[in-house]
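Chain naming here is simple, since letters A, B, ... match the order of the sequence lines and numbering starts at 1 in each.
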Amino acid sequence: MPKIDLSINLCNIKLANPTILASGILGTTKALLKRVVENGVGAVTIKSVSTEPREGHKNPTVITFEGGMLNAVGYSNPGVDAAAIEFASIEDVGAPVIASVIGTQKEDFVQVINRLSKSKFSAIEIPLSCPHTPGFGMLAEQGTPQATFDITSAVRKVTKLPLFVKISPNIPEICTVAKAAEDAGADAITAVNSMGPGMVINIEAQKPVLSFKVGGVTGDALRPIAIRCVYDIYKAVKIPIIGVGGISTGRHAIEMIMAGASAIGIGTGIYYRGIDVFKKVCEEMTQWMQENGFYSINSIVGIAHD
Amino acid sequence: MIEQPIMVRIFDITKESPGVKTLFFKSKLNFEPGQFIMVWIPLLDEKPFTISYFQEELAGISVLKKGLFTNALHNMKKGDKLGIRGPYGRGFSIPKTLNSCVVGGGIGMASLATLTERLGNVTIVQGTKTASEIIYRERFKNMNICTEDGSIGFKGTTVDLFAELLKKQSFQRVYACGPEKMMYRIFELCNSRYIECEVSLDRYIKCGFGVCGQCDCSGQRICIDGPVFPSNELSNMKDFGKTLILKNGKRAYC
Ligand SMILES: Cc1cc2nc3c(=O)[nH]c(=O)nc-3n(C[C@H](O)[C@H](O)[C@H](O)COP(=O)(O)OP(=O)(O)OC[C@H]3O[C@@H](n4cnc5c(N)ncnc54)[C@H](O)[C@@H]3O)c2cc1C
Ligand SMILES: Cc1cc2nc3c(=O)[nH]c(=O)nc-3n(C[C@H](O)[C@H](O)[C@H](O)COP(=O)(O)O)c2cc1C
């Protein structure tokens, strides 16, 4: 029986398996990234970095509900100068590291990428899709086809690294946005960011729980939406897709890959199953592949399509 | 579990010292000494506090007045509502029969209080800057007290007093909570004498359940892997006693 091989080649980056730590979950320090690598992940993404330090929103910033998680962290990060120090010898982490870069205008993205250029990141990801931080993403109209094209083009000019554009599940014309990113030179689409925003009200306090009142919805509730987004985008673009949203088991991962993802991101899954969710997902994928006669990830990508 | 605050009414308030008040509320929390809860004041903020009293469905948090949030807690009245979620984190380990010592610096004593009760026969060291800041004097009658200005008890820090005690006796386990520099020195003293030590670390906490990465200390999440860490783990945590991470993710010295 052929050996099952979970390794993938994503835009010429070699990953031992298709799981990727999604941005904003545990990606704050090099030590935490290392810890995630020790738990079997294929690649990791750092918490998004902006030009200046940001405190983010006040607590409560992350809560859960029956169907998943609601967060409005508000892009807290130490700013690019401190991030450049934190992630200086990033190759020590032991797996490819993706730098997530944010900005309020395209010049910011360029500035952050330039200042991180001494670190050996394997790829750049630009989320144009956060639903709960004023000045960024959806609240700054960065997710329209035109803005996506403009920002991606500007970033494309300053980096040779593989460039991933992360998009929102909220937009009806999601394929047009993905296509705009591809046309502007993106090497992959990360789909999706959190959806909504949503709100949870504490009825005894008679107030919304999150301090920002609204927050992005992730986890189980997001999965069917993320699967559909990836399925649609797969038909619209030729570049690979990193499928993110509600994945916490091997079956979820296989489902996402069948929809068209070449790799899968995991965030909220860490809450559901612990920091070793990556190891668990890989074991479950391997077992499923064994039982169903698949030997490589490539042979599963997109097979749910007609 | 659903990580959302549940509203509780303040049942009683006691003054522990000029700067510290304990707020009591009814709760059926399944709580272990050393764990913490996130306390929510709607529209204001949400911050971590140890449960410092826990008996028959009545729990309490002892709050040192520091900034905006703790001031707001001090201004609350009986019957006012607070949101709480948790308990979170890994607490202290409680072996059956060990000769142990708890060392509390300042409000750090709050984290050790329910542990002290659970351990029963235990040596207690509490230190503050000055006499009026000592808490729980009625609650723990035989404390070894020290103050930096010598206004009561031994004149010096908890580290000084603990080192004095070690000249006369030894312990199988030491538990410490207080300023990080203090905890680091207690940890070193214990290491040099092969005494097991557990400390409760303090970092800026956001989510409380291990996803946001804010409270990292050398790859350990204070909120879920800690806040209590034993010596063998502390030995591998380079940031312990040295650097912490501010709310905006920047590093600062402890
Ligand atoms: C696990 C744990 C248990 C704690 N238990 C107690 C306790 O029992 N009694 C007590 O009085 N205090 C306790 N604290 C500290 C308490 O959370 C802070 O004193 C409080 O958040 C200060 O808020 P503030 O707005 O009044 O002050 P600020 O002016 O905002 O801050 C004063 C100090 O508190 C720290 N702080 C502020 N927000 C947070 C946060 N979200 N997480 C961690 N630290 C923060 C700041 O870094 C600063 O050093 C505990 C902290 C931790 C991490
Ligand atoms: C607490 C939290 C913080 C996040 N922060 C970021 C961020 O800084 N940048 C980003 O691109 N996405 C961020 N996200 C979105 C995730 O990367 C991911 O797209 C989303 O959570 C969906 O995946 P999941 O269901 O596996 O969590 C965050 C999500 C959560 C839950």
From the list B:Ile224, B:Leu43, B:Ile6, B:Asp216, the residue making the most non-hydrogen contacts under 4.5 Å with chain A is B:Asp216

I need the minimum non-hydrogen distance between B:Gly213 and A:Thr28, along with the two atoms involved. O-OG1, 2.6 Å

Exercise: identify the closest heavy-atom pair between B:Met1 and A:Tyr271: O-OH, 3.2 Å

Shortest non-hydrogen contact from B:Lys247 to A:His57? CE-O, 4.3 Å

Going through the distances and angles, do A:Met69 and B:Val211 end up as a side-chain contact (heavy atoms from CB on, under 4.5 Å)? CA-CA 11 Å; A:Met69 193 174 274; B:Val211 306; 4.2 Å; yes

Could you tell me which non-hydrogen atom of A:Val209 sits nearest to which non-hydrogen atom of B:Pro5, and how far apart they are? CG1-CD, 3.6 Å

Max heavy-atom pairs within cutoff under 4.5 Å with chain B, candidates A:Thr61, A:Ile270, A:Thr29, goes to A:Thr29

Ignoring hydrogens, what is the shortest heavy-atom contact between A:Ala205 and B:Pro42? Give both atom names and the distance. CB-CG, 3.9 Å

CD of A:Glu52: more than 12 outside heavy atoms within 6.0 angstrom? no

Might you work through the salt bridge (Lys or Arg N to Asp or Glu O under 4.0 Å) test for B:Arg251 and A:Glu86, ending with a clear yes or no? CA-CA 9 Å; B:Arg251 283 183 187 272; A:Glu86 179 69 36; 2.6 Å; yes

Indicate yes or no: does A:Arg35 engage B:Asp225 in a salt bridge with an N to O separation below 4.0 Å. yes

Taking B:Glu46's backbone N and O only, do any of them form a donor-acceptor pair with A:Asn59's side chain (distance below 3.5 Å, no angle check)? yes

Do other residues, nucleotides or ligands put more than 12 heavy atoms under 6.0 Å from the CZ atom of B:Phe31? yes

Among A:Thr268, A:Val73, A:Leu210, A:Asn202, the residue with the most heavy-atom pairs under 4.5 Å to chain B is A:Asn202

Side chain A:Thr64, main chain B:Glu3, donor-acceptor under 3.5 Å: yes

Start with the C-alpha distance between B:Lys206 and A:Val62, add both sets of side-chain angles, then the distance that settles side-chain contact (heavy atoms from CB on, under 4.5 Å), and finish with yes or no. CA-CA 7 Å; B:Lys206 284 185 182 169; A:Val62 192; 5.8 Å; no

A:Lys207, part contacting chain B, at a heavy-atom distance under 4.5 Å: both

Step by step, work out the side-chain contact (heavy atoms from CB on, under 4.5 Å) result for B:Arg221 and A:Leu26. CA-CA 9 Å; B:Arg221 298 160 294 174; A:Leu26 300 186; 3.6 Å; yes

Largest heavy-atom contact set with chain B, pairs under 4.5 Å, which of A:Gly24, A:Pro53, A:Ala31: A:Ala31

Crowding at CZ, B:Arg203 (>12 non-hydrogen neighbours, <6.0 Å): yes

Which distance, rounded to the nearest 0.5 Å, do you find between the CG of B:Asn248 and the OG of A:Ser50? 9.5 Å

Look at atom CG of B:Asn232 and say whether more than 12 heavy atoms of other residues, nucleotides or ligands are closer to it than 6.0 Å. yes

Can you tell which part of B:Ile205 gets under 4.5 Å to a heavy atom of chain A, answering side chain, backbone, both or neither? backbone

What part of A:Val200 gets closer than 4.5 Å to chain B, counting heavy atoms only: side chain, backbone, both or neither? side chain

Please find the pair of heavy atoms, one from B:Ile2 and one from A:Phe65, that lie closest to each other, and give the distance. CG2-CA, 4.0 Å

Atom NZ of residue position B:Lys250 - does it have more than 12 heavy atoms of other residues, nucleotides or ligands inside 6.0 Å? no

Would you compute the distance between atom NZ of A:Lys58 and atom CG of B:Asp45 and round it to the nearest 0.5 angstrom? 5.5 Å

NZ/A:Lys213: more than 12 non-hydrogen atoms of other groups inside 6.0 Å: no

Looking only at B:Asp239, B:Leu44, B:Ile245, the option with the highest number of non-hydrogen pairs under 4.5 Å against chain A is B:Leu44

